[in-house]
Structure formats: structure tokens, C-alpha cells
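The first residue of the sequence shown is numbered 1, and numbering continues consecutively from there. Just so you know, these numbers come straight off a predicted model, no measurement behind them.
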Amino acid sequence: MLFKRESYLQKLKEAQGNGMIKIITGIRRCGKSFLLFDIFYRYLRERGVPDKQIIRIDLEDRRNQNLRNPDNLLQYIDSNIIGDQHHFVFIDEIQLVPEFEDVLNSYLKMSNVDVYVTGSNSKFLSTDVITEFRGRGWEIRVRPLSFAEYYEERGGDKHEALIAYYLYGGLPGAVVLESDEQKQNYLRNVYETAYLRDVIDRNHLQNKEGLREMVRILASDIGTSTNIRRLVNTFKSEANMAISPNTIQSYLSYLQDAFVISEALRFNVKGRKYIGTETKYYFEDTGIRNAAIGFRQVEYNHVMENVVYNELRLRHFNVDVGQVDVFERDKEGKLLRKNLEIDFVVNRGSERIYLQSAYRIPDHEKWLQEQRPLINVKDAFKKVIIEDEYRLPHYNEQGVYVTGLFDFLLNPNSLNM
């Protein structure tokens, strides 16, 4: 299989010659290096750029260890720039170079040099580093294969493809393998050696099992609201570990910095404010999530929610978890307040969508349950239910837009109806 990554290639084309450092970020093994060193390289060569004007440096290669020194790297690039000809500089895993900001900034004023770098650690895009780029860093975030990218190459029965995608995710290295055993072994190995080891080594962690247990807890509870206090109690009750709130907060930050997980904050829709005590966490790749718990406990309803979340982020939406407060009378006539949850409050610019991810809606009672939070939001923004069944996209009598999961995942304009 040859994954074209056309949307990312288009972003590289659009950024070409914009005077900024192009920074390609994303979780390890998601295809950043292939995008830059293969897909974009071939694109440039096919358009007549000579090979000698494309300077490619893989800093993970042991043979390039000396180039992890910033002065050596600068000297090497300079020695390969010939005259006024336009050059493209590709550097893989730039965060391995100390003071790399100074190296990259050295080329900001050279109109004949276009610099592209990759990195797996979001910390090197922190506010301080962006300041070093003087506003001239251009991030291109790469994610694992979307279901649309995956299915374009795989084809076949959509339901079988979706189940495989739920289980093994979208890391290209796992997708191309043939058997279930090969895929599981690959994902377990990547999880242990690339993700956990990377976080442990980078942050000098002593309690390795504590971090591993943190990932297991999050993997078991995707789609479930949590907070630091609850996680502390879970460590005590399920893992028999006493972990401080500060340590748990650090673990969560480290895992987000490495792009392993993302958080969705809780947002009170009527109050129009964030509720700081509750958060949901989702995995960048469902295959890694399943590897963390040994491919057990694969509840498709929660995995579907994770896949929907990832697709929304892929489409450049900001995603929160919604809360709607409603008041109802009990059997005795007493007025009670209830908190209803909306799976996702989705924002992009002035656009907002309230969205429910529903694995199965077998009866009318379930329909009422899914719709209830949506119809209690009284503004005019779109309300959507995505069901893991085939649905002809339509608006129902309550004004809720209902569509099937395949239409949502395979049609990039599915939410624009």
C-alpha cells in the first residue's frame, strides 16, 4: 500500500516559499518522515528540482550523530548550498539538536533556502520556541491515517475495514502488515519502545510502572470524564499505588507533549464557560490505545467516540465536551437540576456544532436519550447525531441532523449539509 497523504502534500505545497520554517509535527511513526523525504521529495523532483538542491538530513540515523551538534549542522547545510540556486533543506527529528532554534533562524533571511523540519515532541513548539522563530514558524500537524485514507487503499467491505481500523488504528507501519498477530506485535513494540520509552527517557522518570499504569487507566476509560482526584483514587484502588496529584498532572502533560493523548475540556453550554474539574482524554491512535491494554476491553462504542474525536481534530475543529443544565420536577413536584452531556461541542472560527456519537440506537427510547441534550440547547447552531449504522443523512422533526458513521468518515463535507 502506498498512502498518498494528499491533504498534507497540499499543505506543503501551499507553504512552499512562504519565508517561514515549515515544522512538521506529530506522534512517532505516523508518517512524517515519509511525507517529507518521500512524497514531497518526489513531488519536487518531478517538477524539475535537481537532487543536489534538496539537502536531506536524518538525525535519527546514527551515521549523522555528529550533525546533532548545532554548529556542525549549520556548517553542513552551508557547505551544500551552491550559489543563488534555490535549495530545500529537510531535517528529520530536529529536537535532537540543542539550540536548534538558532540554526533554523540562520536561514530565515535567506530567500533561496526553504527549510522543512520534523519533530515528535510538541514541547519544541512551545511559546518560548515560537518566540525564537519571531513568528516565522509554520506548523503542519500530521496524524495517523484517517479512516478515509485507510479505506482508499484497503477497499473491500466497509464494516470489516472499520472493525480492523478500530482494533489496529492508522499507523502506516501497522496497516501494511498482513496478519492480526503481526499488527498486534508491531503496535505493542511501538508502544513500549517508541512512546513509553521516549516519554520516560525525555522526562527522566523513575517510576516507569506508574506511567505505564497511567496509560492503562486512560485507555480503559476513553470517553469517560475524569479529574486528578479521581485518577489518584483509581491508582489506589485498582493499581495499589500511591501517586501524588502533581505526579499525575505531570504524566498527563508528558503524554500530551508526545502526542499520545489529547484532552477535551468540559464546557457549560448555557453558562458559556469551561468547567475546570472534569476532562476527557482520547488517544491519537486507537491501535496504540488497544496495545496499552493488551487488545482486551475493546468496547466499540468508546472506540467509535475516539475515532469521531480524531476525525474532528483532523478537520481542524476545536473539540470540547458539552454540559447542558436542565430543570425537571420529580414525582413529588420538587424542582431538580440535572446535567446532560453532549459528546462534543465543536468549534472552528464562527462555526459551532453540537454532536452526539451514538454506537447503536435500537429503539425510540434511545433516540430520545441521544436527542435530549441537543434539543435543550436553544441557540441556532447545528445539532448532529452520528450513528454507527447506515443512515441516509437527513434532518429529523426536532431539527437534528442525523447521519451514519461511514458518511461522516468518508465524506469530508459531511457536516456542511
Value for CG (Asn290) from CD (Gln184), rounded to nearest 0.5 Å, stands at 9.0 Å
More than 12 heavy atoms of other residues, nucleotides or ligands under 6.0 Å from CD of Gln206: yes or no? no
Aromatic Tyr116 / basic Lys22 pairing, under 6.0 angstrom, 45° off normal: yes
Under a 4.5 Å cut-off applied to non-hydrogen side-chain atoms, are Val402 and Trp367 in contact? yes
Pi-cation contact, Phe317 with Arg348 (under 6.0 Å, within 45°): yes
Using the ring of Tyr43 (Phe, Tyr or Trp, six-membered ring only), decide whether Arg5 places NZ or CZ under 6.0 Å from its centre and within 45 degrees of its axis. no
Set of ring-ring contact (aromatic ring centres under 6.0 Å, His included) partners for Tyr41, sequence neighbours left out: none
Do the ring planes of Phe381 and Tyr354 sit parallel (below 30°), tilted (30 to 60°) or perpendicular (above 60°)? perpendicular
Can you tell me if CD on Glu99 sees more than 12 non-hydrogen neighbours from other groups inside 6.0 Å? no
Within a strict 4.5 Å, meaning less than it, do heavy atoms of the Glu311 and Val308 side chains meet? no
What is the ring orientation for Phe40 with Phe88, classed by angle as parallel under 30°, tilted 30 to 60°, or perpendicular over 60°? perpendicular
Taking NZ, NE, NH1 and NH2 as the nitrogens, is one of them in Glu149 or Arg143 under 4.0 Å from a carboxylate oxygen of the other? no
Whether over 12 other heavy atoms sit under 6.0 Å from Lys236 NZ: no
Tell me whether the count of non-hydrogen atoms from other residues, nucleotides or ligands lying under 6.0 Å of CG in Asp157 goes above 12. yes
